[in-house]
Protein chains: 2
Amino acid sequence: MDTSQLLKGVLDLAVLAVLRDADGYGYDVLRRLRAAGLEDVADASVYGTLRRLFAAGALTSYVQPSEEGPHRKYYGLNKTGRDLLAQSTKTWNHFADTMSVLLLEKEAA
Amino acid sequence: MDTSQLLKGVLDLAVLAVLRDADGYGYDVLRRLRAAGLEDVADASVYGTLRRLFAAGALTSYVQPSEEGPHRKYYGLNKTGRDLLAQSTKTWNHFADTMSVLLLEKEAA
DNA sequence: GAACAGTACTACACATTGCGGAGTACTGCG
DNA sequence: CGCAGTACTCCGCAATGTGTAGTACTGTTC
């Protein structure tokens, strides 16, 4: 099955979550997400999500040169981002609980 | 926050789940989903999903007249639908678990 | 009985968002 | 030099949930 549709609306949350502990740049965020189990995330999706979150005012951004390759554009959570993460986490948990109940086998008559 | 994006790819699963126990028509499926906690689902989304699942060969369909209003188009799971439900449930559970881990506070240093 | 709410469905255009592919650019290795 | 790995951007596409409008039938209310 295709997991890409499941990511809709959740990738924001996942990106915020991996940025919670430390700032990160796009390529790094991508690796963290894949390491966390979201192996099918495409790079363009992550870059796009970071830009969107930044445009929404949830992230700070600063560029740092790297000696091992091209420059890196770091992103970090600001207050808006942390609030968004907290709120989205609640929404997600509630939604996931609702789905869990719905998916329970109603064996007992 | 907007829950509509969270539904992407999951509405199929939710619809299959509510049809698991008994056949139902669109308006009825909509009520069952809302009763289950998915209160923001739009009617057009449900009708569209039912048509899509039917087109994909996962549902049977038959029309029955009603004495309390217009005709009703009933849908029911066939083998393909039950298989899809089982498979999608697994995918969803795995995905939800992954997200849960990702969202855990890493308090312990 | 005309108007309206509730039921039940269809069709269309639209917004969001993840993805694929192409392109740019820098470093280091063979 | 060519190629892989790193790092990012841009563009167009595809999937899918939503809003709006429209059709149609039943029962209630003024």
Side-chain angles (χ1 to χ4, degrees), chain A residues 1-16 23-35 38-56 58-59 61-75 88 91-92 95 99, chain B residues 1-16 23-35 38-56 58-59 61-75 88 91-92 95 99:
Chain A
M1 189 199 175
D2 194 11
T3 53
S4 71
Q5 291 302 318
L6 290 182
L7 274 179
K8 297 265 176 172
V10 187
L11 186 54
D12 283 36
L13 179 53
V15 167
L16 290 171
D23 289 3
Y25 54 96
Y27 203 79
D28 182 43
V29 169
L30 178 65
R31 275 191 300 234
R32 291 195 214 169
L33 289 174
R34 289 187 169 157
L38 300 175
E39 311 196 3
D40 296 332
V41 183
D43 60 346
S45 308
V46 173
Y47 288 118
T49 299
L50 286 169
R51 276 196 299 270
R52 221 182 303 125
L53 287 172
F54 176 70
L59 301 180
S61 175
Y62 51 98
V63 174
Q64 268 191 1
S66 163
E67 292 178 2
E68 307 156 25
H71 70 283
R72 296 166 171 173
K73 192 179 283 186
Y74 279 80
Y75 293 94
S88 298
T91 303
W92 164 258
F95 181 76
M99 286 303 297
Chain B
M1 188 195 177
D2 195 12
T3 54
S4 73
Q5 291 302 318
L6 290 181
L7 275 178
K8 298 263 176 172
V10 186
L11 186 54
D12 283 37
L13 179 53
V15 166
L16 289 172
D23 289 3
Y25 54 96
Y27 203 80
D28 183 44
V29 168
L30 179 65
R31 275 190 299 232
R32 290 195 215 169
L33 289 174
R34 291 188 169 157
L38 300 175
E39 312 196 5
D40 295 332
V41 183
D43 60 345
S45 308
V46 173
Y47 289 117
T49 299
L50 285 169
R51 276 197 298 270
R52 218 183 303 126
L53 288 171
F54 177 70
L59 301 180
S61 175
Y62 50 98
V63 173
Q64 268 190 3
S66 163
E67 293 177 2
E68 308 157 24
H71 70 283
R72 296 166 171 173
K73 190 180 286 186
Y74 280 81
Y75 293 95
S88 298
T91 303
W92 164 257
F95 181 77
M99 285 303 298

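Lettering of chains follows the sequences in order, A, B, ..., and the numbering in each one begins at 1. Computation of the quantities below employed the complete heavy-atom set of this structure, encompassing side-chain atoms and omitting hydrogens, waters and symmetry-equivalent molecules.
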Ignoring hydrogens and angles, state whether a donor on the side chain of B:Tyr62 or B:Asp23 is under 3.5 Å from an acceptor on the partner side chain.
yes
Strictly below 4.0 Å: does A:Ser45 bring a side-chain N or O up to OP1 or OP2 of C:dC19?
yes
Nearest-nucleotide check on DNA chain D, A:Lys8 vs A:Asp43; residue mapping nearer the 5' end is A:Asp43
Expressed in angstrom and rounded to an integer, what is the separation of A:Leu50 atom CG from C:dT17 atom C1'?
14 Å
Roughly, in whole Å, what's the span from CD in B:Glu39 to P in D:dG17?
18 Å
Take atom CG of A:Asp12 and atom C1' of C:dG18, then tell me their distance rounded to the nearest Å.
11 Å
Rounded off to whole Å, could you give me the CG-to-C1' distance for the A:Asp40 and C:dG20 pair?
14 Å
When you measure from the side-chain N and O atoms of B:Thr49 to the phosphate of D:dG17, is any distance below 4.0 Å, counting only OP1 and OP2?
yes
Taken to the nearest 0.5 Å, the spacing of A:Asp43 CG from A:Arg34 CZ works out to 7.0 Å
Output yes when at least one side-chain N/O atom of B:Tyr47 is less than 4.0 Å from OP1 or OP2 of C:dT10, else no.
no
Given B:Val10 and B:Trp92, is the side-chain contact (heavy atoms from CB on, under 4.5 Å) satisfied, shown in steps?
CA-CA 8 Å; B:Val10 186; B:Trp92 164 257; 3.9 Å; yes
Measure the distance from CZ on A:Arg34 to P on D:dA7 and round it to the nearest whole Å.
13 Å
B:Ala44 side-chain proximity, nearest of C:dA8, D:dC8, C:dA11
C:dA11
Looking only at side-chain atoms of A:Arg51, point me to the closest of D:dT6, D:dT9, C:dT17.
D:dT9
I want to check one thing: is the phosphate of C:dT7, taken as OP1 and OP2, less than 4.0 Å away from some side-chain N or O of B:Arg31?
yes
B:Tyr27 has an atom OH; how far is it from atom C1' of C:dT7, in whole Å?
5 Å
Taking only side-chain nitrogens and oxygens of A:Arg52, does any of them come within less than 4.0 Å of OP1 or OP2 of C:dT16?
no
Among all residues two or more places apart in sequence or in another chain, which pass the side-chain contact (heavy atoms from CB on, under 4.5 Å) test with B:Tyr27?
B:Tyr25, B:Arg31, B:Tyr47
By nearest-nucleotide position on DNA chain C, the 5'-leaning member of A:Pro70 and A:Leu11 is A:Leu11
Is A:Ala42 touching bases, backbone alone, or none of the nucleic acid, heavy atoms closer than 4.0 Å?
sugar-phosphate
Using whole Å, report how far CD of B:Glu67 lies from P of C:dT7.
17 Å
Among the nucleotides D:dC8, D:dT16, C:dG18, whichever has the atom closest to the side chain of A:Ser4 is C:dG18
What's the separation between atom CG in B:Leu50 and atom OG in B:Ser45, rounded to the nearest 0.5 Å?
11.0 Å
Using atom OH of A:Tyr25 as one end and atom P of D:dA7 as the other, report the distance to the nearest whole Å.
4 Å
Among C:dA8, D:dC8, C:dT10, which nucleotide sits nearest the side chain of A:Arg72?
D:dC8
